[in-house]
Every structure is written in C-alpha cells, then in structure tokens.
*Asks:* 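Structure below; questions to follow.
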Amino acid sequence: DVKVTQSSRYLVKRTGEKVFLECVQDMDHENMFWYRQDPGLGLRLIYFSYDVKMKEKGDIPEGYSVSREKKERFSLILESASTNQTSMYLCASIGTGGYNEQFFGPGTRLTVL
Amino acid sequence: DAKTTQPPSMDCAEGRAANLPCNHSTISGNEYVYWYRQIHSQGPQYIIHGLKNNETNEMASLIITEDRKSSTLILPHATLRDTAVYYCIVRVPLNTDKLIFGTGTRLQVFP
C-alpha cells in the first residue's frame with residue numbers, strides 16, 4: 001500500500017516558536033504538496049515541490065517556508081508561529097505520468113497558543 | 001473556485017446503496033471527474049476517477065452522464081465506516097495541479 005506519513009497528528013506550540021512539520025512518502029513520487037484546511041475555507045495550497053530542492057509557492061505561502069532535501073521528504077516550516085496558523089496541515093504526493101491521484105497523509109492538527 | 005456542486009448532506013441506512021450526486025456543468029473536454037472522501041480528522045482519501053465511461057473499483061462505482069455535466073458516486077453497500085465528507089472534483093490530471101475541494105457532501109450512514 002502507498003503511504004504518506006506526517007511526523008505528528010497533534011501539535012501545540014506557542015506564538016513565535018519555529019515549527020517543523022515533516023512529511024515522508026514511500027512511493028518514489030516526484031511531486032509533493034502542503035495544504036492547510038480550515039472550516040469553511042476548504043483546502044488551500046501553501047507550497048509544492050516537483051523535485052528535490054525545487055519548490056513553488058502556492059496560494060498562501062506567507063509565513064511559511066519549505067525544504068526538500070531528499071525525494072521522499074518534504075518539510076513545512078513556520079518561521080515564527082502565529083495564532084492564525086492554527087489549522088489542519090495536510091501533505092500529499094503524486095507521481096509523474098498517467099492520471100495518478102494525489103495521496104494524502106493523515107494530517108497534523110496544529111494549535112498555536 | 002470549485003467547479004462542482006454537491007448537496008451538503010445525505011443520510012443512508014447501513015447495507016443500502018449510497019448514491020452521491022455531483023453537478024459539473026462547465027466541465028471541459030480534457031477534465032476528469034475525481035472523487036475523494038475525508039473521514040473526520042483524517043486526510044482525504046482517493047476513491048475513483050473517470051472521464052466519460054462508467055468506472056468501478058473495489059470501493060465504489062462512478063456513473064457519468066453522457067453529456068458529462070453530472071455524475072453519481074455509488075457505494076453499493078454502505079457501512080458505518082463510510083460516514084465521511086465526499087468531494088467531487090474536476091481536473092486535468094497534471095501532476096502539479098493542486099486539488100480544489102468544494103464543500104462536499106457529508107454522508108451519514110446510520111444503523
């Protein structure tokens with residue numbers, strides 16, 4: 001079975017802390033995505049990466065950065081966490097070719113106090 | 001913006017078929033219909049996709065109308081574990097294409 005894992009299911013941080021969210025996929029996929037999901041706003045794309053060390057901004061990149069040092073790992077970084085970054089964070093990956101669906105991780109529910 | 005319209009909620013008795021409709025009247029010729037579902041507090045899960053022919057897999061069946069302006073996801077024998085929000089998405093299956101989820105249909109399966 002394909003698998004996307006995220007480092008934490010639940011996380012509580014304080015305002016101003018630096019936060020790392022890790023995502024690992026075991027499918028040798030080239031493309032990986034970070035979304036956040038908020039009630040009434042649906043899924044919003046933060047960043048995506050189509051190759052190692054490559055990254056592209058999504059719709060809401062402000063306050064976030066990413067790192068893709070290895071193909072299987074895509075990290076989301078909150079440089080200085082704020083309360084409006086309290087959300088569910090979802091990582092997804094997709095391979096090249098065909099009509100592949102995106103595979104999602106279980107999500108990390110982040111609370112910033 | 002989402003290109004699909006779904007009813008906000010539906011109920012289904014356990015063991016019965018759940019038929020979830022989706023309207024996508026502005027679908028383009030190269031766009032596919034994808035269905036995902038999201039069980040509470042989990043990540044979305046891919047279910048099925050199709051272009052114009054009906055499709056079936058181990059999870060569900062997808063019926064697409066001949067004019068492709070609407071489709072129906074069928075869970076043939078719903079179980080309590082099928083309780084989730086179901087999302088219908090139309091997209092060109094490019095690898096870098098972000099997914100745009102609408103509000104989906106909240107399916108409640110009851111005993």
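Values below: all heavy atoms of this structure, side chains included; hydrogens, waters and symmetry mates excluded.
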*Asks:* In this structure, would B:M59 and B:V109 fall into the same cluster of hydrophobic residues linked by side-chain contacts under 4.5 Å?
*Replies:*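 Both belong to a single hydrophobic cluster.
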*Asks:* Please answer: with hydrophobic residues joined when any side-chain heavy atoms are less than 4.5 Å apart, are A:L45 and B:Y34 in the same cluster?
*Replies:* yes
*Asks:* Applying a heavy-atom distance below 4.5 Å, give me the residues of residues 55-85 of chain A that approach chain B, sorted by number.
*Replies:*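 From residues 55-85 of chain A, the residues near chain B are A:D59.
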*Asks:* Heavy atoms only: give me the nearest B:G43-A:L90 pair and the separation to one decimal.
*Replies:*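 In this case the closest contact between B:G43 and A:L90 is CA-CD2, 3.6 Å.
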*Asks:* Rounded to the nearest 0.5 Å, what separation is found between the CD1 atom of B:I89 and the CG atom of A:L43?
*Replies:*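 Answer rounded to 0.5 Å: 8.0 Å.
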*Asks:* Would A:F33 end up clustered with A:V24 when hydrophobic side chains under 4.5 Å apart are linked, directly or stepwise?
*Replies:*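 Looking at the clustering, A:V24 is in a separate group from A:F33.
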*Asks:* Please find the pair of heavy atoms, one from A:Q37 and one from B:Y87, that lie closest to each other, and give the distance.
*Replies:* NE2-OH, 3.8 Å
*Asks:* For the hydrophobic clusters of this structure (ILVMFWY residues joined by side-chain heavy atoms under 4.5 Å, transitively), does one cluster hold both B:M10 and B:I63?
*Replies:* no
*Asks:* How would you list all residue pairs meeting disulfide bond (SG atoms under 2.5 Å apart) that involve residues 20-88 of chain B, not counting sequence neighbours?
*Replies:*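 Listed once each, the pairs are B:C22-B:C88.
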*Asks:* For atom CZ of A:R44, is the number of surrounding heavy atoms from other residues, nucleotides or ligands below 6.0 Å larger than 12?
*Replies:*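 Enclosed: over 12 neighbouring heavy atoms sit under 6.0 Å from CZ of A:R44.
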*Asks:* Given side chain to side chain contact (heavy atoms under 4.5 Å, CB included), test A:Q102 with B:Y36 step by step and report yes or no.
*Replies:* CA-CA 10 Å; A:Q102 288 193 7; B:Y36 285 76; 3.9 Å; yes
*Asks:* Say you draw a straight line from CD of B:Q42 to CZ of A:F104; how long is it, rounded to the nearest 0.5 Å?
*Replies:*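 Rounded to the nearest 0.5 Å, the CD-CZ separation comes to 13.5 Å.
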*Asks:* Which bit of B:Q45 comes within less than 4.5 Å of chain A, counting heavy atoms only: side chain, backbone, both or neither?
*Replies:* neither
*Asks:* Do A:V4 and A:I46 share a hydrophobic cluster (ILVMFWY, side-chain heavy atoms under 4.5 Å, transitive)?
*Replies:*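 Hydrophobic grouping puts A:V4 apart from A:I46.
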*Asks:* With only heavy atoms counted, which part of A:R9 is less than 4.5 Å from chain B, the side chain, the backbone, both or neither?
*Replies:* side chain
